[in-house]
Amino acid sequence: MSTEERDLRQFTLDERLERDSELVTVLGLCQLRLMKDRRWPWLVLVPQREGISEIFELTPLDQTLLTFETNAVAAALKKATGARKINVGALGNVVAQLHVHIVARNEGDPNWPGPIWGQGTPEPYENGAENRLLQTLIEAL
């Protein structure tokens, strides 16, 4: 069994990511998750590798896959939302498990042009808005 197969078999999602997001699909390396906050179209990629907190800790192949998946999801999110700017970041100050945020931003959105982290209270999706966003996103992927 390869290291990647063993890591995938042992992979456990951080409970905060599990609580605050919903699984959209599994890509080659990452889980693609939607944050439960309608204020911003906000996706998270979580590489399915156990015990990794930094991009440089991934194998070179996994680093390449993460870059490819990040770019594909960012382009699809921009197309699906028509956003002015796509923010991409791997912070990990609160949740150490490696995850990459991909957020669509527009002038006039909550807290524009400032950061989104720690701002207000998450607002749930309503009236099928989540499904419409995800359908448009999947079509753009």
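Not measured: the values here are computed from a predicted model.
At a threshold of 4.5 Å between non-hydrogen side-chain atoms, the residues Gln31 and Phe11 count as touching. Side chains of Thr67 and Thr70 form no contact here, defined as non-hydrogen atoms less than 4.5 Å apart. Between Gln48 and Leu29, every side-chain heavy-atom pair lies at or beyond the 4.5 Å cut-off. Between Asp20 and Pro122, every side-chain heavy-atom pair lies at or beyond the 4.5 Å cut-off. Side chains of Met35 and Leu43 form no contact here, defined as non-hydrogen atoms less than 4.5 Å apart. Within the 4.5 Å cutoff, side-chain heavy atoms of Leu133 are placed close to those of Pro41.
Put simply, CZ on Arg49 and CD on Gln10 are 11.5 Å apart, with the number rounded to the nearest 0.5 Å. Interatomic distance, CG of Leu23 versus CG of Leu32, reported as 8.0 Å (0.5 Å rounding). Annotation: the span from Asn106 atom CG to Thr81 atom OG1 amounts to 6.5 Å, rounded to 0.5 Å. Expressed to the nearest 0.5 Å, how far NE2 of His99 lies from CD1 of Ile52 amounts to 14.5 Å. In this structure, Asp62 CG and Thr59 OG1 are separated by 3.5 Å, a value rounded to the nearest 0.5 Å.
Nearest heavy atoms, Ala74 versus Ile102: CA-CG2, 3.8 Å. Across all their heavy atoms, Ala140 and Ala76 have their closest contact at CB-O, 3.6 Å. Closest approach of Ala72 to Leu141, counting heavy atoms only: O-CD2, 3.7 Å. Here the shortest heavy-atom pairing between Pro47 and Leu66 reads CG-CD1, 4.1 Å. Nearest heavy atoms, Ile55 versus Ala90: CD1-CB, 4.3 Å.
For CD of Glu54, the number of neighbouring non-hydrogen atoms (other residues, nucleotides, ligands) closer than 6.0 Å is greater than 12.
Linking ILVMFWY residues whenever their side-chain heavy atoms come closer than 4.5 Å, directly or via other members, leaves Val73 and Val26 in distinct clusters. Linking Ile, Leu, Val, Met, Phe, Trp and Tyr residues whenever their side-chain heavy atoms come within less than 4.5 Å places Leu45 and Ile138 in a single cluster. Linking ILVMFWY residues whenever their side-chain heavy atoms come closer than 4.5 Å, directly or via other members, places Val95 and Trp117 in the same cluster.
A donor-acceptor pair under 3.5 Å links the side-chain atoms of Arg16 to the main chain of Val94, judged by distance alone. Counting only distance, with no hydrogens or angles, the side chain of Glu130 and the backbone of Pro124 share no donor-acceptor pair below 3.5 Å. The main-chain N or O of Ser53 is never found under 3.5 Å from a side-chain atom of Gln97 such that the two would form a donor-acceptor pair. Side-chain atoms of Arg105 never come within 3.5 Å of backbone atoms of Trp40 as a donor-acceptor pair (strictly under, hydrogens ignored). A donor-acceptor distance shorter than 3.5 angstrom exists from the side chain of Lys78 to the backbone of Arg84, with no hydrogens or angles considered.
Taking the six-membered ring where the residue is Trp, Trp42 and His101 present tilted rings, their angle falling between 30° and 60°.
When Asp14, Leu58, Val46 are each tested for a side chain to side chain contact (heavy atoms under 4.5 Å, CB included) with Leu98, only one passes: Leu58. A side chain to side chain contact (heavy atoms under 4.5 Å, CB included) with Ile116 is found for one member of Asn111, Asp109, Val103 and no other, namely Val103. Checking each of Leu34, Asn131, Leu134 against Tyr125 for a side chain to side chain contact (heavy atoms under 4.5 Å, CB included) leaves exactly one that passes, namely Leu34.
Listed by first and then second residue, the salt bridge (Lys or Arg N to Asp or Glu O under 4.0 Å) pairs involving residues 30-43 are Asp37-Arg39, Arg38-Glu123 (not counting sequence neighbours).
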